[in-house]
Amino acid sequence: MSKLYDVIIIGSGPAGLAAGLYAGRARLSTLIIEKDKDGGQIVQTAEIENYPGGLEEESGPTLIDRMSRQADHFGAEKVLDTIVDMELEGKEKILTGKKDTYRAKTVIIAAGASPVPIGCPGEKEFTGKGVSYCATCDAAFFEDFEVFVVGGGDSAVEEALYLTKFARKVTIIHRRDALRAAKSIQEKAFANKKIEFMWDSVVKELKGDGLLESMVVENVKTKELTEVTADEEDGTFGVFVFIGFKPESEVFQGKVEMEKGYIVTDPDMKTSVDGVFAAGDIRVKSLRQVVTAAADGAIAAVQAGKYIEENE
Ligand SMILES: Cc1cc2nc3c(=O)[nH]c(=O)nc-3n(C[C@H](O)[C@H](O)[C@H](O)COP(=O)(O)OP(=O)(O)OC[C@H]3O[C@@H](n4cnc5c(N)ncnc54)[C@H](O)[C@@H]3O)c2cc1C
């Protein structure tokens, strides 16, 4: 029979690694199960300016490398596997992976989420080099530049309004001829002189040489293609994509309480099931960032330790 861990953490993004560090340091036997490579979403970004203490040049991979080594240093074990099923009720939690089965007294779900991409050629290549999915993270890099926001829902229009504090001009590219955002948000956008609109339009391709320099936009009604190029002096522009955000929560459906696909927790990261905690982007929260994911992970690990003490 497999080892019974004190804590098993699903996911090794910032939330999972912080939980691993805190659990390991509290001398709890800890296993982090990750389906891909360490780091989660943040390894996609070449520059992080808003993680406290990171004034010097910091990239997603360098930050994650330190977080990962710190979790190792305090004894958290790691395994590469994908959790596909689980039994969470009862004192002993059983997690089924594609490769193995794991047992734990407590489980911390830190499986994260991810933005829905446009899915056009060039998008991957220019992520972090013009293409972004997070205005809070990247707006400051576009001070006085021109930016485009893809999407027409609440978050797209709210982020467009936020971007007007930095960018010279913000154009919302939307596939329909009317926004889906709440009326009050729409009114603010229509009243903002920095915001323009490209209706009935979708981005078909992103192009450039190292940095994003142009994009092809299609009018979905006329099928006409327009090439949008960067202002000559700027040399580049930003494309912020807000067409959805998907929690990695399918496998947890029916196991813990959820709201719109996100796991519901209390302020101590406790889910609806005893001994099961959730941390980071996968839970219902108002700000999805590395700093909040790490904080969630720390709280979840401390609470997992308390749960074990109280239940032994
Ligand atoms: C391009 C980009 C740039 C960003 N820039 C910034 C920034 O500058 N500053 C900032 O603060 N935030 C930034 N963010 C947001 C930040 O990355 C997230 O808030 C943070 O990564 C959330 O951490 P997490 O640990 O909750 O989840 P994630 O980072 O999503 O990690 C979850 C991990 O769980 C694993 N996993 C999922 N399901 C399973 C399973 N069934 N079994 C095993 N493993 C599983 C995944 O493979 C993943 O590694 C950015 C996000 C993106 C996409």
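It should be emphasised that the depicted structure is a prediction, and the values quoted were computed from it without experimental measurement. In each ligand, atom 1 is the first atom listed, and ligand 1 is the first ligand listed.
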Taking [atom] as the reference point, the nearest protein heavy atom with its distance:
{"atom": "atom 9 (N) of ligand 1", "result": "N50 OD1, 2.8 Å"}
{"atom": "atom 49 (O) of ligand 1", "result": "E34 OE1, 2.7 Å"}
{"atom": "atom 39 (C) of ligand 1", "result": "K35 CD, 3.8 Å"}
{"atom": "atom 13 (C) of ligand 1", "result": "C137 SG, 3.2 Å"}
{"atom": "atom 41 (N) of ligand 1", "result": "I83 O, 3.1 Å"}
{"atom": "atom 23 (O) of ligand 1", "result": "P14 CD, 3.3 Å"}
{"atom": "atom 12 (N) of ligand 1", "result": "Q289 NE2, 3.3 Å"}
{"atom": "atom 37 (C) of ligand 1", "result": "A111 O, 3.1 Å"}

Could an N or O of ligand 1 be found under 3.5 Å from any N or O of [X], whether backbone or side chain?
{"X": "D138", "value": "no"}
{"X": "D36", "value": "no"}
{"X": "E49", "value": "no"}

D200 and R175 ion-paired at < 4.0 Å: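 Salt bridge flag = no for R175 with D200.
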Residues D274, K91: salt bridge by 4.0 Å N-O rule: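 Salt bridge absent between D274 and K91.
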Out of T292, L63, D281, L95, whose heavy atom is nearest to atom 20 (C) of ligand 1?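 Heavy atom nearest to atom 20 (C) of ligand 1 belongs to D281.
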Could you tell me whether the side chain of [X] and the main chain of [Y] form a donor-acceptor pair under 3.5 Å?
{"X": "T127", "Y": "E123", "value": "yes"}
{"X": "D81", "Y": "K98", "value": "yes"}
{"X": "E159", "Y": "V149", "value": "no"}

Check ligand 1 against [X] and write out every atom of the ligand that is under 4.0 Å from a heavy-atom position of the residue.
{"X": "G11", "result": "33 (C), 34 (O), 35 (C)"}
{"X": "A113", "result": "30 (O)"}
{"X": "I10", "result": "40 (C), 42 (N), 43 (C)"}
{"X": "G40", "result": "28 (P), 29 (O), 31 (O), 48 (C), 49 (O)"}
{"X": "G280", "result": "26 (O)"}
{"X": "I33", "result": "43 (C), 44 (N)"}
{"X": "A110", "result": "32 (C), 33 (C), 34 (O)"}
{"X": "T82", "result": "42 (N)"}

Would you kindly confirm whether M258 and I83 end up in one hydrophobic cluster when ILVMFWY residues are joined by side chain heavy atoms under 4.5 Å apart?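 Yes.
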Show me the pairs that pass disulfide bond (SG atoms under 2.5 Å apart) and involve residues 134-197, at least two apart or across chains.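 Residue pairs passing disulfide bond (SG atoms under 2.5 Å apart), neighbours aside: C134-C137.
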Are Y5 and Y102 close enough that their ring centres sit under 6.0 Å apart?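 No, ring centres 6.0 Å or more apart.
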Look at the rings of F240 and F242 and say which category their plane angle falls in: under 30° parallel, 30 to 60° tilted, over 60° perpendicular.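 If you compare the ring of F240 with that of F242, the planes turn out parallel.
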With N311, which residues qualify under side chain to side chain donor-acceptor pair (under 3.5 Å), at least two apart?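 In terms of side chain to side chain donor-acceptor pair (under 3.5 Å), with neighbours along the sequence ignored, N311 is linked to no residue.
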Are C134 and ligand 1 in contact, using a heavy-atom cut-off of under 4.0 Å?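 Checking ligand 1 against C134, which is what was asked, there is no heavy-atom contact under 4.0 Å.
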Would you say D38 contacts ligand 1, with heavy atoms under 4.0 Å as the rule?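 Outside the 4.0 Å threshold, so no.
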Is ligand 1 under 4.0 Å from a heavy atom in the side chain of S132, in the backbone, in both, or in neither?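 The answer is neither.
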Can you tell me which portion of V84 lies within the under-4.0 Å heavy-atom range of ligand 1? Options are side chain, backbone, both, or neither.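 No part of V84 is near ligand 1 at this cut-off.
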R283 to Y262, cation-pi by 6.0 Å centre distance and 45° axis angle: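 Checked: cation-pi criterion not met.
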Under 3.5 Å side-chain donor-acceptor pair for S12 and K37: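 Side-chain D/A pair, S12 to K37: absent.
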Is it the case that more than 12 heavy atoms not belonging to K204 sit under 6.0 Å from its NZ atom?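 Counting neighbours around NZ of K204, 12 or fewer heavy atoms of other residues, nucleotides or ligands fall under 6.0 Å, so no.
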Assess whether side chain to side chain contact (heavy atoms under 4.5 Å, CB included) is satisfied between V202 and I173, documenting all intermediate values. CA-CA 7 Å; V202 293; I173 303 177; 6.0 Å; no
